[in-house]
Participant: 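Below is one structure. I have some questions about it.
Keep in mind that the numbers below use all heavy atoms, side chains included, and drop hydrogens, waters and symmetry copies.
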Number of protein chains: 2
Amino acid sequence: MTAVASRPSLTVDLPEGARHTVSVGPLTTETGGFLPDVTLTYETWGTLDADGSNAVLVLHALTGDSHVAAHAADPTPGWWDALVGPGRAVDTDRWFVVAPAMVGGCHGSTGPSSPDPDGVPWGSRFPFLTLRDAVEAERRLADHLGIDVWQAVIGGSMGGARALEWAVSHPERVAGVGVLASTAQSSADQIAWGQAQAAAIRLDPAHREGDYYGGPGPETGLGIARRIAHTTYRTAEELEYRFGREPQGAEDPFGAAVGRRQGRYAVESYLDHQAAKLSARFDANSYLVLTEALMSHDVARGRGSLSEALGRFRGRAFVAAVDSDRLYRPEESALLAELLPGEVPVHSIVSPIGHDGFLTEYGQVADALKETLAL
Amino acid sequence: MTAVASRPSLTVDLPEGARHTVSVGPLTTETGGFLPDVTLTYETWGTLDADGSNAVLVLHALTGDSHVAAHAADPTPGWWDALVGPGRAVDTDRWFVVAPAMVGGCHGSTGPSSPDPDGVPWGSRFPFLTLRDAVEAERRLADHLGIDVWQAVIGGSMGGARALEWAVSHPERVAGVGVLASTAQSSADQIAWGQAQAAAIRLDPAHREGDYYGGPGPETGLGIARRIAHTTYRTAEELEYRFGREPQGAEDPFGAAVGRRQGRYAVESYLDHQAAKLSARFDANSYLVLTEALMSHDVARGRGSLSEALGRFRGRAFVAAVDSDRLYRPEESALLAELLPGEVPVHSIVSPIGHDGFLTEYGQVADALKETLAL
């Protein structure tokens, strides 16, 4: 790891695609919390020009990570594989793409499960974070890499919120912003869903106020949070089409005559599966930290009206919404586009599945994104 | 209490409005469970004709009760006050209105908190119920009261589901059915929300697998369930309009710099309030029993196609949907209306608040309901 003290040289030698880590130093959070040493894990694709002018930042969603696309060092599929790569909309033959794991998470960057200076996981002592804290850590990463201006900062869902926060916090360093299925401020509805999810994790006795490392974690609570979240990520229509009222295999959802049902509906089994998958790969404290960071999302905080805040950004803006999204509603994307300076259309991603369409159907807007952001 | 053995006389002397209780005898549930003695609590308004021909059954929603409207014996407001009463759409000067509390609940009728024959609350031993079990108990109540045919069976949400199950189970005893903001079958989406709610209650250590009576109950888990449910009962637009991102009073949702947030957003406080209100008035086991009964709702179960099942009913049908309902979507009401015999329009309740509009804005369809059901 390299400590970031002053501006480093522009020549950072990075093997393409490998996961890198860099210390970006101590971080005092927006609300006064303190982390003595923040490490960011990130992946890169392509080669940075000598003048650092061909860089694109891609930011992940709530439970995402730095693995945006497959590469030689890690050929497993990425979450935006068809968008980022040689010849793709974000052409890695031309652009140097950087994707950090967000601070607070559990995919390499400093988070609640990381050791404090004494080697003890932060747990309950990990500070409350905002998306601006994440942007500050990533600004230092940009400095470290010698990137003055991002040609584009792009993300979907929480990644889009972070991209927009980047654009408004550092308009001079963001030439273009791409916001998919996201908003300028988390809505009351999004806060409501976040609260129920956080409460479910904290209700799990295994959460132990956040200090569960070394023992079993609050997997049941995290699983309930995921069930809630996943249902908001899909549409009622898709769930009906895929599962309807079918039982799961040979199970009988009408179950035992006395006491608890023993069998499940297919949709219950599906959500159980989503819950188990997430619990196996994600730390519950990170889920809490990132969920509450997302609840805090408001590019206008301390910056006047929403219109004034968005008016700070003068670069290219690309906005897209999934037409069936019930969590990040197209109306919210329309408001964002309306308040951004200039004429910003909302590109529609047509999908029956809802919010998750930004992960599965973004191909529909790839060309428009490329053109709008001059990629 | 009166045990229902055979058909009683038609002359049941009921003081208007008081809460009555009647034993409807042993109940073997649809899935083979057994309750040795089911008591139903119900309220009435108006006077039953000598031939028992002027009766209307009104059925409550998930957390509702028998108090549909105020009356002399209990002048507290009811949940459909403006629909039921002298001169109202369901005119109690003309109609004898009966509203039972559903078996499984906690408002007087036999439920998990009721004593078994040994005086011990049923708790974990209470059987899984379906809406058909509730209808069977209510059929016996009709027999007890000497009501052969209901002029109308009316309800909203789960009450609408029960009304429809009545109409399909006993078409010869239902002259008209009124279904507001409800469906013929619980959808995958509704099952998904129900599953998360049930899991949150069961995760609460105070739930103790259902045997918590005499000690503290799973109020936190029930509160989370209510937060989820209440959010589905309202619209994102309404929450945004009422609360937006405002903090609750002088609280700071950005809270402490380290560890758990201390302050709340206004929408969090609102949902905390909804959760506390429900926990104070509702038994968590009853919430589980009724939620899983509603998940089981399917008038077509064992009756062929949905069209065939609905085709059993030949009476008058009134269907209404709240235009902004995201839990019981208007499309589902449209399907129900389409599959009911005859030409059944869907009456639209225009409301910005979503599902709960069936409780607040039903006045919009009161005249149409009265006319359609010949009340």
Participant: Quick one: pull up OG1 in B/Thr31 and CG in A/Asp252 and give me the separation to the nearest 0.5 Å.
Facilitator: 8.5 Å
Participant: In terms of heavy-atom pairs under 4.5 Å with chain A, which of B/Arg326, B/Arg245, B/Arg264, B/Glu268 leads?
Facilitator: B/Arg245
Participant: Checking A/Arg226 against chain B: side chain, backbone, both or neither under 4.5 Å from a heavy atom?
Facilitator: neither
Participant: Got A/Phe243 and B/Ser187 here, is their nearest side-chain heavy-atom distance under 4.5 Å?
Facilitator: no
Participant: As an exercise: rank A/Ala200, A/Ser186, A/Gly210, A/Gly221 by heavy-atom pairs under 4.5 Å with chain B and give me the winner.
Facilitator: A/Ser186
Participant: Pick whichever of B/Gly194, B/Pro205, B/Ala188 has the most heavy-atom pairs under 4.5 Å with chain A.
Facilitator: B/Ala188
Participant: Near A/Arg301 CZ, under 6.0 Å, is it more than 12 heavy atoms from other residues, nucleotides or ligands?
Facilitator: yes
Participant: Please state whether the rings of B/Trp193 and A/Trp193 are parallel, tilted or perpendicular, taking 30° and 60° as the class boundaries.
Facilitator: parallel
Participant: Please classify the contact of B/Arg329 with chain A as side chain, backbone, both or neither, using a heavy-atom distance under 4.5 Å.
Facilitator: side chain
Participant: If we only count heavy atoms from C-beta on, is the A/Glu240 to B/Glu332 side-chain gap below 4.5 Å?
Facilitator: no
Participant: What part of B/Glu246 gets closer than 4.5 Å to chain A, counting heavy atoms only: side chain, backbone, both or neither?
Facilitator: neither
Participant: How close do B/Gly244 and A/Ile191 get, heavy atom to heavy atom, and via which atoms?
Facilitator: O-CD1, 4.4 Å
Participant: Measuring from A/Leu203:CG to B/Leu203:CG, what's the distance to the nearest 0.5 Å?
Facilitator: 4.5 Å
Participant: At a heavy-atom distance under 4.5 Å, which candidate from B/Asn285, B/Leu271, B/Leu327, B/Leu129 has the highest pair count against chain A?
Facilitator: B/Leu271
Participant: If you compare all heavy atoms of B/Phe128 against all heavy atoms of A/Pro253, which two are closest, and at what distance to 0.1 Å?
Facilitator: CZ-O, 4.5 Å
Participant: Please tell me if the side chains of B/Ile228 and A/Arg227 come closer than 4.5 Å, counting only heavy atoms from C-beta onward.
Facilitator: no
Participant: Please rank B/His230, B/Gln197, B/Glu237, B/Glu30 by heavy-atom pairs under 4.5 Å with chain A and give me the top one.
Facilitator: B/Glu237
Participant: Would you indicate whether the side-chain heavy atoms of B/Tyr265 and A/Gln195 approach each other to under 4.5 Å?
Facilitator: no
Participant: Side chain from CB out, backbone as N, CA, C, O: work out which of these in A/Thr130 comes under 4.5 Å of a heavy atom of chain B, or both, or neither.
Facilitator: side chain
Participant: With a 6.0 Å cut-off (strictly less than), is the heavy-atom count around CZ of B/Arg208, excluding the residue itself, greater than 12?
Facilitator: no
Participant: Between A/Glu331 and chain B, which part of the residue has a heavy atom less than 4.5 Å away: side chain, backbone, both or neither?
Facilitator: side chain
Participant: Between B/Ala196, B/Ala275, B/Ala199, which has the largest tally of heavy atom pairs under 4.5 Å with chain A?
Facilitator: B/Ala199
Participant: With only heavy atoms counted, which part of B/Thr232 is less than 4.5 Å from chain A, the side chain, the backbone, both or neither?
Facilitator: both
Participant: For B/Thr220 and A/Arg202: C-alpha separation, side-chain torsions, deciding distance, then whether side-chain contact (heavy atoms from CB on, under 4.5 Å) applies.
Facilitator: CA-CA 10 Å; B/Thr220 308; A/Arg202 292 190 169 115; over 6 Å; no
